[in-house]
Amino acid sequence: MTKGKVDALLGIVFGDEGKGKVVDFFTPRYDAVARYAGGPNAGHTILFEGKKFVLRSIPSGIFCENTQNFIGNGCVIAPDLFMKEARELEAAGYDPAKRIHISMRAHLILPTHRVLDLAYEAAKGKNKVGTTGKGIGPTYSDKAARIGLRVGDILENFTEKYAALKARHEQILRDLNYTNYDLAETEREWFEGVEYMKRCHLCNTETELNRLLAEGKNILAEGAQGSLLDIDHGTYPFVSSSSTTIGGVCTGLGVAPRDIGRVFGIFKAYSTRVGAGPFPVELFDTVGDEIRRIGHEYGAVTGRNRRCGWLDLVALNYAITINGVSDLVLMKNDVLDTFDTIKVCTAYTKDGVTTTDMPYDTAGWQPIYEELPGWKTPLTDIRQEEYFPERFKNYINYIETHTNTPIHIVSVGPDREATILR
Ligand code: GDP
Ligand code: IMO
Ligand code: MG
(Lines give C-alpha, C1' and ligand atoms only; values in the text may rest on other atoms or scores of the structure.)
(Ligands and ions follow the chains in the order given, each with its own letter.)
Protein backbone atom coordinates (compact mmCIF):
# COMPACT_ATOMS: atom_id res chain seq x y z
CA MET A 1 0.00 0.00 0.00
CA THR A 2 1.28 3.50 -0.80
CA LYS A 3 1.77 5.55 2.31
CA GLY A 4 -0.49 8.58 2.73
CA LYS A 5 0.73 12.16 2.76
CA VAL A 6 0.42 15.16 5.02
CA ASP A 7 -0.46 18.22 2.98
CA ALA A 8 -0.24 21.53 4.79
CA LEU A 9 -2.26 24.70 4.41
CA LEU A 10 -0.38 27.57 6.01
CA GLY A 11 -1.12 31.26 6.33
CA ILE A 12 1.96 32.84 4.81
CA VAL A 13 1.57 36.41 5.91
CA PHE A 14 0.11 37.86 9.16
CA GLY A 15 -2.86 35.49 9.61
CA ASP A 16 -6.54 35.86 8.74
CA GLU A 17 -5.89 34.87 5.13
CA GLY A 18 -8.98 32.62 4.97
CA LYS A 19 -7.46 29.35 6.23
CA GLY A 20 -10.74 28.20 7.80
CA LYS A 21 -12.64 28.64 4.56
CA VAL A 22 -10.14 26.71 2.45
CA VAL A 23 -9.56 23.92 4.99
CA ASP A 24 -13.34 23.41 5.09
CA PHE A 25 -13.42 23.41 1.26
CA PHE A 26 -10.54 20.89 1.06
CA THR A 27 -11.78 18.59 3.84
CA PRO A 28 -13.74 16.08 1.70
CA ARG A 29 -10.43 15.20 -0.01
CA TYR A 30 -8.80 14.19 3.31
CA ASP A 31 -9.27 11.50 5.95
CA ALA A 32 -8.09 13.78 8.75
CA VAL A 33 -7.55 17.46 9.48
CA ALA A 34 -5.00 18.35 12.15
CA ARG A 35 -4.14 21.61 13.90
CA TYR A 36 -0.43 21.67 14.73
CA ALA A 37 0.17 25.05 16.39
CA GLY A 38 -1.47 27.89 18.25
CA GLY A 39 -4.66 27.90 20.27
CA PRO A 40 -7.69 30.12 20.76
CA ASN A 41 -5.75 33.12 19.45
CA ALA A 42 -6.89 31.77 16.06
CA GLY A 43 -10.25 32.73 14.57
CA HIS A 44 -11.09 30.72 11.46
CA THR A 45 -14.31 31.72 9.72
CA ILE A 46 -16.38 29.23 7.72
CA LEU A 47 -19.54 30.01 5.74
CA PHE A 48 -21.80 27.52 4.01
CA GLU A 49 -25.54 27.07 3.40
CA GLY A 50 -26.19 30.45 5.02
CA LYS A 51 -24.48 29.38 8.27
CA LYS A 52 -21.40 31.03 9.72
CA PHE A 53 -18.97 29.57 12.27
CA VAL A 54 -15.81 31.00 13.80
CA LEU A 55 -13.51 28.21 15.01
CA ARG A 56 -10.71 28.88 17.46
CA SER A 57 -9.22 25.61 18.68
CA ILE A 58 -11.36 23.09 16.82
CA PRO A 59 -10.02 22.11 13.38
CA SER A 60 -11.96 23.36 10.36
CA GLY A 61 -12.55 19.80 9.15
CA ILE A 62 -15.28 19.37 11.75
CA PHE A 63 -18.21 19.86 9.35
CA CYS A 64 -17.40 16.85 7.21
CA GLU A 65 -18.98 13.61 8.48
CA ASN A 66 -16.17 11.29 7.39
CA THR A 67 -13.14 13.27 8.45
CA GLN A 68 -11.32 12.83 11.75
CA ASN A 69 -10.08 15.97 13.51
CA PHE A 70 -6.89 16.25 15.55
CA ILE A 71 -5.51 18.86 17.93
CA GLY A 72 -1.80 18.09 17.89
CA ASN A 73 0.91 18.29 20.54
CA GLY A 74 2.13 21.65 19.19
CA CYS A 75 -1.16 23.30 20.16
CA VAL A 76 -2.20 24.94 23.40
CA ILE A 77 -5.75 24.55 24.64
CA ALA A 78 -8.00 26.42 27.09
CA PRO A 79 -10.58 23.90 28.36
CA ASP A 80 -13.28 26.51 29.07
CA LEU A 81 -12.99 28.13 25.63
CA PHE A 82 -12.81 24.73 23.96
CA MET A 83 -16.02 23.67 25.70
CA LYS A 84 -17.82 26.88 24.68
CA GLU A 85 -16.75 26.43 21.10
CA ALA A 86 -17.81 22.77 21.06
CA ARG A 87 -21.19 23.63 22.60
CA GLU A 88 -21.84 26.19 19.86
CA LEU A 89 -21.32 23.41 17.36
CA GLU A 90 -23.58 21.08 19.36
CA ALA A 91 -26.29 23.76 19.30
CA ALA A 92 -25.98 23.79 15.50
CA GLY A 93 -26.51 20.02 15.34
CA TYR A 94 -22.93 18.69 15.27
CA ASP A 95 -21.29 16.35 17.76
CA PRO A 96 -17.71 17.59 17.83
CA ALA A 97 -16.53 15.57 20.87
CA LYS A 98 -17.13 12.36 18.91
CA ARG A 99 -14.72 13.29 16.14
CA ILE A 100 -11.96 15.19 17.93
CA HIS A 101 -8.72 13.55 19.01
CA ILE A 102 -6.66 15.70 21.37
CA SER A 103 -2.97 15.16 21.99
CA MET A 104 -2.15 14.34 25.61
CA ARG A 105 1.04 16.33 24.98
CA ALA A 106 -0.75 19.57 24.05
CA HIS A 107 -0.29 22.20 26.75
CA LEU A 108 -3.09 23.66 28.85
CA ILE A 109 -3.78 27.38 29.02
CA LEU A 110 -4.65 28.09 32.66
CA PRO A 111 -6.83 31.05 33.65
CA THR A 112 -3.71 32.60 35.23
CA HIS A 113 -1.86 32.32 31.89
CA ARG A 114 -4.45 34.71 30.46
CA VAL A 115 -4.00 37.12 33.38
CA LEU A 116 -0.23 36.93 32.89
CA ASP A 117 -0.68 37.71 29.19
CA LEU A 118 -2.53 40.92 30.12
CA ALA A 119 -0.03 41.77 32.88
CA TYR A 120 3.01 41.35 30.60
CA GLU A 121 1.34 43.48 27.94
CA ALA A 122 0.52 46.20 30.48
CA ALA A 123 4.13 46.14 31.71
CA LYS A 124 5.42 46.63 28.15
CA GLY A 125 3.50 49.89 27.78
CA LYS A 126 3.97 51.35 24.32
CA ASN A 127 6.07 48.37 23.26
CA LYS A 128 3.21 45.95 23.74
CA VAL A 129 2.71 43.23 21.14
CA GLY A 130 -1.05 43.64 20.95
CA THR A 131 -1.71 39.99 21.78
CA THR A 132 -5.14 38.42 21.69
CA GLY A 133 -5.03 38.10 25.50
CA LYS A 134 -5.63 34.36 25.34
CA GLY A 135 -2.54 33.42 27.36
CA ILE A 136 -0.57 32.12 24.39
CA GLY A 137 2.86 33.59 25.24
CA PRO A 138 2.82 32.60 28.94
CA THR A 139 1.65 29.05 28.11
CA TYR A 140 4.38 28.44 25.52
CA SER A 141 6.88 30.04 27.95
CA ASP A 142 5.95 27.52 30.63
CA LYS A 143 6.22 24.74 28.05
CA ALA A 144 9.77 25.83 27.18
CA ALA A 145 10.59 26.25 30.88
CA ARG A 146 9.38 22.66 31.45
CA ILE A 147 6.86 23.63 34.09
CA GLY A 148 3.68 23.58 31.96
CA LEU A 149 0.67 21.32 32.39
CA ARG A 150 -0.37 19.05 29.56
CA VAL A 151 -3.69 17.53 28.57
CA GLY A 152 -2.45 14.15 29.87
CA ASP A 153 -2.11 15.72 33.33
CA ILE A 154 -5.88 16.05 33.71
CA LEU A 155 -6.12 12.27 34.10
CA GLU A 156 -4.22 12.03 37.41
CA ASN A 157 -3.75 14.17 40.57
CA PHE A 158 -4.73 17.17 38.55
CA THR A 159 -5.94 19.56 41.26
CA GLU A 160 -2.57 19.43 43.01
CA LYS A 161 -0.60 20.07 39.82
CA TYR A 162 -2.99 22.88 38.92
CA ALA A 163 -2.69 24.53 42.33
CA ALA A 164 1.14 24.44 42.19
CA LEU A 165 1.35 26.14 38.79
CA LYS A 166 -1.36 28.64 39.70
CA ALA A 167 0.54 29.58 42.87
CA ARG A 168 3.65 30.18 40.81
CA HIS A 169 1.70 32.47 38.46
CA GLU A 170 0.13 34.35 41.36
CA GLN A 171 3.58 35.07 42.75
CA ILE A 172 4.67 36.57 39.42
CA LEU A 173 1.49 38.65 39.29
CA ARG A 174 2.17 39.99 42.79
CA ASP A 175 5.72 40.85 41.73
CA LEU A 176 4.27 42.76 38.77
CA ASN A 177 1.78 44.50 41.06
CA TYR A 178 -1.01 43.09 38.91
CA THR A 179 -3.48 41.86 41.50
CA ASN A 180 -6.81 43.28 40.40
CA TYR A 181 -8.36 40.14 38.92
CA ASP A 182 -10.95 37.64 40.04
CA LEU A 183 -10.75 34.07 38.80
CA ALA A 184 -13.61 32.38 40.68
CA GLU A 185 -16.13 32.22 37.82
CA THR A 186 -13.50 31.55 35.15
CA GLU A 187 -12.02 28.70 37.18
CA ARG A 188 -15.43 27.09 37.60
CA GLU A 189 -15.95 27.10 33.82
CA TRP A 190 -12.37 26.02 33.26
CA PHE A 191 -12.76 22.89 35.38
CA GLU A 192 -16.11 22.19 33.72
CA GLY A 193 -14.18 22.41 30.45
CA VAL A 194 -11.61 19.93 31.74
CA GLU A 195 -14.43 17.42 32.34
CA TYR A 196 -15.89 18.18 28.90
CA MET A 197 -12.53 17.50 27.25
CA LYS A 198 -12.56 13.99 28.69
CA ARG A 199 -15.48 13.25 26.33
CA CYS A 200 -13.05 13.65 23.43
CA HIS A 201 -10.51 11.03 22.49
CA LEU A 202 -7.36 11.99 24.45
CA CYS A 203 -4.45 10.10 22.98
CA ASN A 204 -0.97 10.11 21.50
CA THR A 205 -2.05 11.83 18.32
CA GLU A 206 1.32 11.22 16.65
CA THR A 207 0.71 7.46 16.90
CA GLU A 208 -2.80 7.80 15.47
CA LEU A 209 -1.71 10.09 12.65
CA ASN A 210 1.19 7.86 11.63
CA ARG A 211 -1.13 4.85 11.68
CA LEU A 212 -3.46 6.67 9.27
CA LEU A 213 -0.51 7.46 6.98
CA ALA A 214 0.63 3.82 7.04
CA GLU A 215 -2.91 2.84 5.96
CA GLY A 216 -2.58 5.12 2.94
CA LYS A 217 -4.83 7.82 4.37
CA ASN A 218 -4.17 11.50 3.71
CA ILE A 219 -4.01 14.26 6.29
CA LEU A 220 -4.40 18.01 5.96
CA ALA A 221 -2.41 20.05 8.48
CA GLU A 222 -4.31 23.27 9.22
CA GLY A 223 -2.12 26.26 10.01
CA ALA A 224 -2.97 28.96 12.48
CA GLN A 225 -1.66 32.54 12.47
CA GLY A 226 0.80 33.23 9.64
CA SER A 227 4.48 32.85 8.74
CA LEU A 228 5.31 36.42 9.74
CA LEU A 229 3.93 35.68 13.23
CA ASP A 230 6.20 32.62 13.61
CA ILE A 231 8.34 32.69 16.77
CA ASP A 232 11.54 32.16 14.71
CA HIS A 233 10.82 33.54 11.27
CA GLY A 234 8.32 36.30 12.02
CA THR A 235 8.76 39.98 12.86
CA TYR A 236 10.08 39.21 16.37
CA PRO A 237 9.19 40.32 19.03
CA PHE A 238 5.87 41.23 17.40
CA VAL A 239 4.93 37.61 16.80
CA SER A 240 2.96 34.80 18.37
CA SER A 241 4.78 32.12 20.38
CA SER A 242 4.49 28.98 18.24
CA SER A 243 6.08 27.59 15.08
CA THR A 244 3.48 28.50 12.50
CA THR A 245 5.68 27.60 9.54
CA ILE A 246 6.25 24.22 7.90
CA GLY A 247 8.67 22.89 10.53
CA GLY A 248 5.84 23.29 13.04
CA VAL A 249 3.85 20.66 11.11
CA CYS A 250 6.52 18.04 11.90
CA THR A 251 7.13 19.07 15.52
CA GLY A 252 3.49 19.90 16.24
CA LEU A 253 2.08 16.63 14.89
CA GLY A 254 4.96 14.18 15.13
CA VAL A 255 5.08 13.43 11.42
CA ALA A 256 8.27 13.04 9.40
CA PRO A 257 9.45 15.54 6.76
CA ARG A 258 9.38 12.84 4.07
CA ASP A 259 5.63 12.41 4.65
CA ILE A 260 4.87 16.04 3.79
CA GLY A 261 3.21 16.34 0.39
CA ARG A 262 1.92 19.60 -1.00
CA VAL A 263 2.36 22.84 0.86
CA PHE A 264 -0.46 25.31 0.20
CA GLY A 265 0.48 28.89 1.02
CA ILE A 266 -2.60 31.03 1.54
CA PHE A 267 -2.68 34.83 1.26
CA LYS A 268 -5.03 37.67 0.38
CA ALA A 269 -4.99 39.87 -2.74
CA TYR A 270 -3.83 42.61 -0.33
CA SER A 271 -2.19 42.68 3.11
CA THR A 272 -3.50 42.96 6.65
CA ARG A 273 -2.03 42.77 10.12
CA VAL A 274 -3.68 42.82 13.59
CA GLY A 275 -1.72 43.98 16.61
CA ALA A 276 1.54 45.95 16.80
CA GLY A 277 4.77 45.58 14.83
CA PRO A 278 6.34 46.82 11.61
CA PHE A 279 4.21 46.64 8.47
CA PRO A 280 5.92 48.41 5.54
CA VAL A 281 2.91 48.32 3.19
CA GLU A 282 0.45 49.74 5.72
CA LEU A 283 -1.86 52.41 4.24
CA PHE A 284 -2.90 55.29 6.48
CA ASP A 285 -5.17 56.89 3.87
CA THR A 286 -8.72 56.41 2.57
CA VAL A 287 -7.57 53.51 0.37
CA GLY A 288 -6.62 51.57 3.52
CA ASP A 289 -9.97 52.48 5.07
CA GLU A 290 -11.79 51.31 1.94
CA ILE A 291 -10.00 47.95 1.94
CA ARG A 292 -10.91 47.51 5.63
CA ARG A 293 -14.56 48.46 5.02
CA ILE A 294 -15.08 46.31 1.92
CA GLY A 295 -13.05 43.37 3.25
CA HIS A 296 -14.63 43.54 6.75
CA GLU A 297 -11.12 43.58 8.15
CA TYR A 298 -11.92 43.42 11.82
CA GLY A 299 -10.42 40.67 14.01
CA ALA A 300 -12.48 37.46 14.34
CA VAL A 301 -11.21 36.98 17.93
CA THR A 302 -10.86 40.48 19.35
CA GLY A 303 -12.90 42.65 16.94
CA ARG A 304 -9.92 44.98 16.52
CA ASN A 305 -9.38 46.94 13.28
CA ARG A 306 -6.98 45.06 11.02
CA ARG A 307 -4.29 47.29 9.55
CA CYS A 308 -4.52 47.19 5.73
CA GLY A 309 -2.17 47.65 2.78
CA TRP A 310 -1.32 46.44 -0.72
CA LEU A 311 0.13 43.04 -1.51
CA ASP A 312 3.74 42.63 -0.39
CA LEU A 313 5.86 40.41 -2.66
CA VAL A 314 8.94 40.74 -0.44
CA ALA A 315 7.03 39.14 2.45
CA LEU A 316 5.32 36.65 0.16
CA ASN A 317 8.50 35.40 -1.47
CA TYR A 318 10.20 35.08 1.91
CA ALA A 319 7.34 32.94 3.22
CA ILE A 320 7.22 30.83 0.03
CA THR A 321 10.93 30.11 0.41
CA ILE A 322 11.02 29.19 4.10
CA ASN A 323 7.92 27.00 3.81
CA GLY A 324 8.68 25.39 0.46
CA VAL A 325 5.23 26.41 -0.78
CA SER A 326 4.22 24.24 -3.76
CA ASP A 327 0.86 25.91 -4.46
CA LEU A 328 -0.56 29.33 -3.71
CA VAL A 329 -4.12 30.04 -2.61
CA LEU A 330 -5.24 33.59 -3.45
CA MET A 331 -8.11 34.94 -1.33
CA LYS A 332 -10.49 37.89 -1.08
CA ASN A 333 -9.99 39.08 -4.66
CA ASP A 334 -13.54 40.47 -4.77
CA VAL A 335 -12.53 43.06 -2.16
CA LEU A 336 -10.47 44.85 -4.84
CA ASP A 337 -13.29 44.86 -7.45
CA THR A 338 -13.87 48.62 -7.34
CA PHE A 339 -10.32 49.99 -7.27
CA ASP A 340 -9.06 51.87 -10.38
CA THR A 341 -5.47 50.96 -9.65
CA ILE A 342 -3.98 48.10 -7.70
CA LYS A 343 -0.50 48.43 -6.26
CA VAL A 344 1.95 45.66 -5.47
CA CYS A 345 5.08 46.09 -3.36
CA THR A 346 8.01 44.55 -5.25
CA ALA A 347 10.91 45.72 -3.05
CA TYR A 348 11.77 47.68 0.10
CA THR A 349 14.04 50.71 0.30
CA LYS A 350 15.81 52.42 3.20
CA ASP A 351 18.70 54.92 3.33
CA GLY A 352 19.38 54.52 -0.40
CA VAL A 353 19.46 50.71 -0.23
CA THR A 354 16.90 48.64 -2.13
CA THR A 355 16.22 45.00 -1.39
CA THR A 356 13.87 42.18 -2.32
CA ASP A 357 15.17 40.06 0.59
CA MET A 358 13.32 40.16 3.89
CA PRO A 359 15.33 42.46 6.19
CA TYR A 360 16.23 41.41 9.76
CA ASP A 361 13.91 44.16 10.98
CA THR A 362 11.35 45.59 8.56
CA ALA A 363 10.83 48.77 10.63
CA GLY A 364 11.68 51.89 8.67
CA TRP A 365 11.74 50.21 5.24
CA GLN A 366 9.54 51.86 2.61
CA PRO A 367 7.70 49.90 -0.07
CA ILE A 368 8.46 50.31 -3.78
CA TYR A 369 5.29 49.75 -5.77
CA GLU A 370 4.33 48.66 -9.25
CA GLU A 371 0.86 49.66 -10.42
CA LEU A 372 -1.61 47.46 -12.23
CA PRO A 373 -5.00 48.48 -13.64
CA GLY A 374 -8.01 47.36 -11.56
CA TRP A 375 -10.55 44.99 -13.17
CA LYS A 376 -13.58 47.04 -12.06
CA THR A 377 -15.89 44.04 -12.41
CA PRO A 378 -17.68 42.11 -9.64
CA LEU A 379 -16.00 38.71 -9.20
CA THR A 380 -18.18 37.14 -6.50
CA ASP A 381 -20.60 35.28 -8.78
CA ILE A 382 -17.98 33.94 -11.18
CA ARG A 383 -17.31 30.20 -10.82
CA GLN A 384 -15.12 29.49 -13.84
CA GLU A 385 -11.75 30.93 -14.58
CA GLU A 386 -12.55 31.54 -18.24
CA TYR A 387 -15.10 34.18 -17.17
CA PHE A 388 -12.61 36.18 -15.12
CA PRO A 389 -12.06 39.70 -16.50
CA GLU A 390 -8.77 39.98 -18.45
CA ARG A 391 -7.30 42.45 -15.98
CA PHE A 392 -7.93 40.06 -13.11
CA LYS A 393 -6.30 37.25 -15.09
CA ASN A 394 -3.34 39.59 -15.50
CA TYR A 395 -3.18 40.13 -11.73
CA ILE A 396 -3.10 36.36 -11.18
CA ASN A 397 -0.39 35.92 -13.83
CA TYR A 398 1.59 38.81 -12.39
CA ILE A 399 1.67 37.17 -8.94
CA GLU A 400 2.57 33.76 -10.37
CA THR A 401 5.41 35.25 -12.40
CA HIS A 402 6.80 37.29 -9.51
CA THR A 403 6.63 34.38 -7.04
CA ASN A 404 7.46 31.60 -9.48
CA THR A 405 4.69 29.56 -7.87
CA PRO A 406 1.36 28.40 -9.32
CA ILE A 407 -1.89 29.68 -7.87
CA HIS A 408 -4.06 26.61 -7.29
CA ILE A 409 -7.16 28.25 -5.81
CA VAL A 410 -8.78 31.63 -6.34
CA SER A 411 -11.42 32.78 -3.85
CA VAL A 412 -14.01 35.41 -4.76
CA GLY A 413 -16.28 35.48 -1.69
CA PRO A 414 -16.57 34.18 1.88
CA ASP A 415 -18.93 31.31 1.01
CA ARG A 416 -17.63 27.77 0.50
CA GLU A 417 -19.03 27.91 -3.07
CA ALA A 418 -17.10 31.05 -4.05
CA THR A 419 -13.94 29.05 -4.63
CA ILE A 420 -12.36 28.37 -8.02
CA LEU A 421 -9.92 25.49 -8.47
CA ARG A 422 -7.39 25.93 -11.27
P1 GDP B 1 -8.33 32.66 8.93
O2 GDP B 1 -7.96 33.04 10.32
O3 GDP B 1 -7.14 32.53 8.03
O4 GDP B 1 -9.19 31.43 8.87
O5 GDP B 1 -9.19 33.86 8.34
P6 GDP B 1 -10.35 34.69 9.12
O7 GDP B 1 -11.56 33.85 9.19
O8 GDP B 1 -9.83 35.27 10.38
O9 GDP B 1 -10.52 35.91 8.14
C10 GDP B 1 -10.90 35.75 6.82
C11 GDP B 1 -12.20 36.54 6.59
O12 GDP B 1 -12.43 36.70 5.20
C13 GDP B 1 -13.44 35.80 7.11
O14 GDP B 1 -14.36 36.76 7.54
C15 GDP B 1 -13.95 35.07 5.88
O16 GDP B 1 -15.35 34.81 5.93
C17 GDP B 1 -13.64 36.06 4.80
N18 GDP B 1 -13.32 35.50 3.47
C19 GDP B 1 -12.65 34.37 3.16
N20 GDP B 1 -12.46 34.28 1.82
C21 GDP B 1 -13.03 35.38 1.28
C22 GDP B 1 -13.15 35.89 -0.05
O23 GDP B 1 -12.65 35.31 -1.03
N24 GDP B 1 -13.79 37.07 -0.20
C25 GDP B 1 -14.32 37.77 0.84
N26 GDP B 1 -14.93 38.91 0.61
N27 GDP B 1 -14.22 37.32 2.11
C28 GDP B 1 -13.57 36.15 2.33
P1 IMO C 1 -5.54 33.23 12.69
O2 IMO C 1 -5.26 31.77 12.88
C3 IMO C 1 -4.03 37.33 13.01
C4 IMO C 1 -1.40 38.21 16.41
C5 IMO C 1 -1.94 39.12 17.51
C6 IMO C 1 -0.65 39.74 17.98
C7 IMO C 1 0.36 38.60 17.88
C8 IMO C 1 0.58 37.84 19.18
O9 IMO C 1 -6.96 33.60 12.84
O10 IMO C 1 -4.93 33.72 11.41
P11 IMO C 1 -0.85 36.12 20.61
O12 IMO C 1 -2.21 36.26 21.23
O13 IMO C 1 -0.75 34.99 19.65
O14 IMO C 1 0.24 36.11 21.62
O15 IMO C 1 -0.65 37.49 19.77
O16 IMO C 1 -0.18 37.70 16.91
N17 IMO C 1 -2.27 37.04 16.11
C18 IMO C 1 -3.02 36.92 15.01
N19 IMO C 1 -3.23 37.78 13.99
N20 IMO C 1 -4.60 36.10 12.98
C21 IMO C 1 -4.36 35.21 13.97
O22 IMO C 1 -4.79 33.94 13.93
C23 IMO C 1 -3.56 35.62 15.07
N24 IMO C 1 -3.16 35.02 16.21
C25 IMO C 1 -2.36 35.90 16.83
O26 IMO C 1 -2.83 40.07 16.99
O27 IMO C 1 -0.23 40.75 17.09
MG1 MG D 1 -8.40 34.53 11.74
Side-chain angles (χ1 to χ4, degrees), residues 9-25 35-48 51-57 59-60 75-76 78 109 113-114 116-118 120-121 128-141 222-231 234-242 244 266-279 291 293-307 329-337 378-380 382 409-420:
L9 182 125
L10 328 168
I12 51 173
V13 205
F14 287 109
D16 302 327
E17 299 93 346
K19 296 177 288 293
K21 169 179 161 159
V22 176
V23 169
D24 168 68
F25 174 82
R35 279 278 304 268
Y36 62 89
N41 48 345
H44 295 181
T45 315
I46 295 161
L47 249 93
F48 59 93
K51 292 176 277 189
K52 177 179 164 177
F53 298 94
V54 180
L55 299 178
R56 295 179 168 91
S57 291
S60 302
C75 297
V76 290
I109 304 175
H113 279 130
R114 297 200 288 252
L116 281 171
D117 194 354
L118 303 179
Y120 289 144
E121 283 284 88
K128 69 178 183 181
V129 177
T131 71
T132 59
K134 302 294 178 200
I136 303 299
T139 305
Y140 279 110
S141 302
E222 173 178 3
Q225 290 76 56
S227 295
L228 298 184
L229 293 173
D230 181 277
I231 185 74
T235 55
Y236 190 91
F238 300 99
V239 291
S240 192
S241 299
S242 66
T244 63
I266 184 168
F267 67 110
K268 294 188 261 216
Y270 52 91
S271 303
T272 64
R273 171 165 205 170
V274 211
F279 187 32
I291 295 177
R293 186 184 64 77
I294 302 170
H296 302 288
E297 294 297 353
Y298 308 97
V301 176
T302 56
R304 289 178 290 178
N305 272 7
R306 293 178 183 151
R307 302 154 69 193
V329 177
L330 173 59
M331 306 298 288
K332 299 195 85 161
N333 297 286
D334 52 299
V335 173
L336 301 186
D337 281 352
L379 297 178
T380 297
I382 302 178
I409 283 191
V410 173
S411 174
V412 292
D415 196 90
R416 193 191 265 170
E417 302 293 318
T419 316
I420 294 110

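Note that ligands are numbered from 1 as they come in the structure, with each ligand's atoms numbered from 1 the same way.
- Ligand 1 has a nitrogen or oxygen under 3.5 angstrom from a nitrogen or oxygen of Asp16.
- Look at Ser241 and you'll find every heavy atom at least 4.0 Å from all atoms of ligand 2.
- For Asp337 (side chain) and Leu379 (main-chain N/O), a donor-acceptor pair under 3.5 Å exists by modelled atom type.
- Close approach to Ala42 involves these atoms of ligand 2, each under 4.0 Å from a residue heavy atom: 1 (P), 2 (O), 9 (O), 22 (O).
- When the heavy-atom distances from atom 11 (C) of ligand 1 to Arg416, Lys332, Arg56 are ranked, the shortest goes to Lys332.
- Atoms CD1 and CG, from Ile109 and Leu116 in turn, are 12.0 Å apart once rounded to the nearest 0.5 Å.
- With a 4.0 Å cut-off on non-hydrogen atoms, Phe238 does not touch ligand 2 at all.
- The atoms of ligand 2 that sit less than 4.0 Å from any heavy atom of Leu229 are 4 (C), 16 (O), 17 (N), 18 (C), 19 (N).
- Of the inter-residue distances, the one linking Asp117 atom CG with Ile136 atom CD1 reads 7.5 Å to the nearest 0.5 angstrom.
- When the Mg ion (ligand 3) is compared with the N/O/S atoms of Asp16, atom OD1 turns out nearest.
- Below 4.0 Å from some heavy atom of Gly130 lie the following atoms of ligand 2, by number and element: 5 (C), 6 (C), 26 (O), 27 (O).
- In terms of N/O distances under 3.5 Å, ligand 2 is not approached by Thr131.
- Between the side chain of Arg273 and the backbone N or O of Val13 there is no donor-acceptor pair closer than 3.5 Å.
- One distance of note links CG of Asp334 with CD1 of Ile382; it measures 10.5 Å at 0.5 Å rounding.
- A donor-acceptor distance shorter than 3.5 angstrom exists from the side chain of Arg35 to the backbone of Ala37, with no hydrogens or angles considered.
- When atom types are taken as modelled, the side chain of Arg307 and the backbone of Gly275 share a donor-acceptor pair closer than 3.5 angstrom.
- Taking distance alone, with nitrogen or oxygen atoms compared against 3.5 Å, Gly43 approaches ligand 1 more closely than that limit.
- At least one donor-acceptor pair closer than 3.5 Å links the side chain of Thr244 to the backbone N or O of Gly226.
- Residue contacts with ligand 1 for Lys21 involve side-chain atoms from C-beta outward but no N, CA, C or O (heavy atoms, distance under 4.0 Å).
- In the vicinity of Val129, heavy-atom distances shorter than 4.0 Å reach the ligand 2 atoms 8 (C), 27 (O).
- Residue Val239 approaches ligand 2 through these ligand atoms, each under 4.0 Å from one of its heavy atoms: 7 (C), 8 (C).
- Residue Met331 places no N or O, backbone or side chain, under 3.5 Å from any N or O of ligand 1.
- Under the 3.5 Å distance criterion, the side-chain polar atoms of Lys19 are matched with a main-chain donor or acceptor of Gln225.
- Of all the listed residues (Gln225, His44, Lys19, Arg114), Gln225 holds the heavy atom that lies closest to atom 24 (N) of ligand 2.
- Each of Thr272, Leu229, Val239 was checked for a side-chain contact (heavy atoms from CB on, under 4.5 Å) with Phe14, and the lone residue meeting it is Leu229.
- The Mg ion (ligand 3) has no N, O or S atom of Ala42 under 2.8 Å away, backbone or side chain.
- Side-chain atoms of Asn333 do not come within 3.5 Å of backbone N or O of Ala269 as any donor-acceptor pair.
- Remark: Leu118 CG to Lys134 NZ distance equals 9.5 Å, nearest 0.5 Å.
- Taking CG of Asn41 as the reference point, atom OG of Ser242 lies at 7.0 Å (rounded to 0.5 Å).
- Residue contacts with ligand 2: Ser240 is placed with a nitrogen or oxygen under 3.5 Å of a nitrogen or oxygen of the ligand (distance criterion only).
- Ligand-side atoms of ligand 1 in range of Gly20: 4 (O), range being under 4.0 angstrom from any heavy atom.
- The shortest N or O to N or O distance between Gly18 and ligand 1 is under 3.5 Å.
- Contact annotation: for Thr380 versus ligand 1, there are no heavy atoms closer than 4.0 Å.
- If you number the atoms of ligand 1 from 1 as listed, the ones under 4.0 Å from a heavy atom of Glu17 come out as 3 (O), 5 (O).
- Checking side-chain atoms of Glu121 against main-chain N and O of Val129 turns up a donor-acceptor pair under 3.5 Å.
- To the nearest 0.5 Å, atom NE2 of residue His113 and atom OG of residue Ser141 are 8.0 Å apart.
- Annotation for ligand 1: atoms under 4.0 Å from non-hydrogen atoms of Gly413 are 20 (N), 21 (C), 22 (C), 23 (O), 24 (N), 25 (C).
- Against a heavy-atom cut-off of under 4.0 Å, Arg304 is close to the following atoms of ligand 2: 5 (C), 26 (O).
- Below 3.5 Å of separation, one finds no N or O of Ala224 facing any N or O of ligand 2.
- Counting the atoms of ligand 1 from 1 in the order shown, those under 4.0 Å from a heavy atom of His44 are 1 (P), 2 (O), 4 (O), 7 (O).
- Between the Lys21 side chain and the Asp415 main chain, a donor and an acceptor come within less than 3.5 Å of each other.
- Every atom of ligand 2 with a heavy atom of Gly275 under 4.0 Å away is listed here by number and element: 27 (O).
- Checked against a 3.5 angstrom limit, the closest N/O atoms of Lys134 and ligand 2 fall outside it.
- Contact annotation for Lys268 and ligand 1: no heavy atom of the residue comes within less than 4.0 Å of the ligand.
- The backbone N or O of Gly38 sits less than 3.5 Å from a side-chain atom of Tyr140, completing a donor-acceptor pair.
- Atoms of ligand 1 lying under 4.0 Å from any heavy atom of Arg306, numbered from 1 in the order shown and given with element: 8 (O), 9 (O).
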